[in-house]
Amino acid sequence: QVQLVESGGGLVQPGGSLRLSCTASGSIVSIYTMGWYRQGPGNQRELVAGITSGGSTNYADSVKGRFTISRDNAKNTVYLQMNVLKPDDTAVYYCNALITPRTNPRPANYWGQGTQVTVSS
């Protein structure tokens, strides 16, 4: 079974920083795109940042210049460095990855359980 596990969430003051990590484990052949989504109170789940296996990135307009996504392919891990955090960044952050498991040649999306990020003074 393929699993994604996030870590690094918590409580931070406005202007502070956090780094989220997400590691994929299990019977994995390949990992293609990886990304971070978030869902704040009363909001829809939205894409925060994504990164391809080749390192190309994209960001939501609301986080450009503040957040940086990166990955370590050897560790099957994706990171989200979040700087200059704002109260509007408060949300549950979910890791997502497009993965080919050993049990099936068709890639599929996998989701982590989410990690809470709260930005408040």
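In this structure, Tyr94 and Trp111 have perpendicular ring planes: the angle between them is above 60°, well past the 30° mark.
At least one side-chain heavy atom of Gln116 sits less than 4.5 Å from a side-chain heavy atom of Thr90. Under the 4.5 Å side-chain criterion, counting only non-hydrogen atoms from C-beta, Val48 is not in contact with Tyr37. Looking at Leu47 and Asn58, their side chains come closer than 4.5 Å, going by heavy atoms from C-beta outward. Side-chain contact between Ser17 and Gln81: present, with at least one pair of heavy atoms (C-beta onward) separated by less than 4.5 Å.
Remark: the backbone N or O of Pro101 is not paired with any side-chain donor or acceptor of Asn104 at under 3.5 angstrom. Using modelled atom types, no side-chain atom of Arg102 and backbone atom of Gly26 make a donor-acceptor pair closer than 3.5 Å.
Taking CD1 of Ile28 as the reference point, atom CD1 of Ile31 lies at 4.5 Å (rounded to 0.5 Å). Taking CD1 from Ile99 and OG from Ser30, the interatomic distance works out to 10.0 Å, rounded to the nearest 0.5 Å. Put simply, CG on Leu80 and CZ on Phe67 are 6.0 Å apart, with the number rounded to the nearest 0.5 Å. Distance CZ/Arg19 to OG/Ser7: 9.0 Å, rounded to 0.5 Å. The line from NZ of Lys75 to OG of Ser25 is 15.0 Å long, rounded to the nearest 0.5 Å. The OG1 atom of Thr118 sits 11.0 Å away from atom CG of Asp89, with the distance rounded to the nearest 0.5 Å.
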Set out, in order, the CA-CA distance, both residues' side-chain angles and the distance that settles side-chain contact (heavy atoms from CB on, under 4.5 Å) for Met82 and Arg66, then state yes or no.
CA-CA 6 Å; Met82 305 186 293; Arg66 300 187 298 119; over 6 Å; no

Between Met34 and Ile69, is the side-chain contact (heavy atoms from CB on, under 4.5 Å) condition met? List the steps.
CA-CA 9 Å; Met34 304 185 81; Ile69 189 170; 5.8 Å; no

Under the side-chain contact (heavy atoms from CB on, under 4.5 Å) criterion, do Tyr32 and Thr100 qualify, and how do the steps go?
CA-CA 8 Å; Tyr32 301 99; Thr100 300; 3.1 Å; yes

Starting from the C-alpha separation in whole Å, work towards a yes-or-no answer on side-chain contact (heavy atoms from CB on, under 4.5 Å) for Leu20 and Thr115.
CA-CA 8 Å; Leu20 306 183; Thr115 185; 4.1 Å; yes

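For the side chain to side chain contact (heavy atoms under 4.5 Å, CB included) test, residues two or more places apart in sequence or in another chain that qualify with Val12 are Leu18, Leu85, Val119.
In this structure, Arg45 is not positioned above the aromatic face of Trp36 in the sense of NZ or CZ being under 6.0 Å from the six-membered ring centre and within 45° of the axis.
For Gln39, the CD atom counts as densely surrounded, since its 6.0 Å shell holds more than 12 non-hydrogen atoms of other residues, nucleotides or ligands.
In terms of heavy atoms, Gly114 sits closest to Val92 at CA-CG1, 3.9 Å. Here the closest non-hydrogen pair linking Ser121 and Pro14 is N-CD, 3.7 Å. Scanning both residues, Ala97 and Leu4, for their nearest heavy atoms gives N-CD1, 3.8 Å. Here the closest non-hydrogen pair linking Tyr110 and Val2 is CE2-CB, 3.7 Å. The nearest pair of heavy atoms linking Arg38 to Ser62 is NH2-OG, 3.4 Å. Closest non-hydrogen pair, Ile51 versus Ser70, comes out as CD1-CA, 3.9 Å.
Judged purely by distance below 3.5 Å, without hydrogens or angles, the side chains of Asp72 and Thr77 never pair a donor atom with an acceptor atom.
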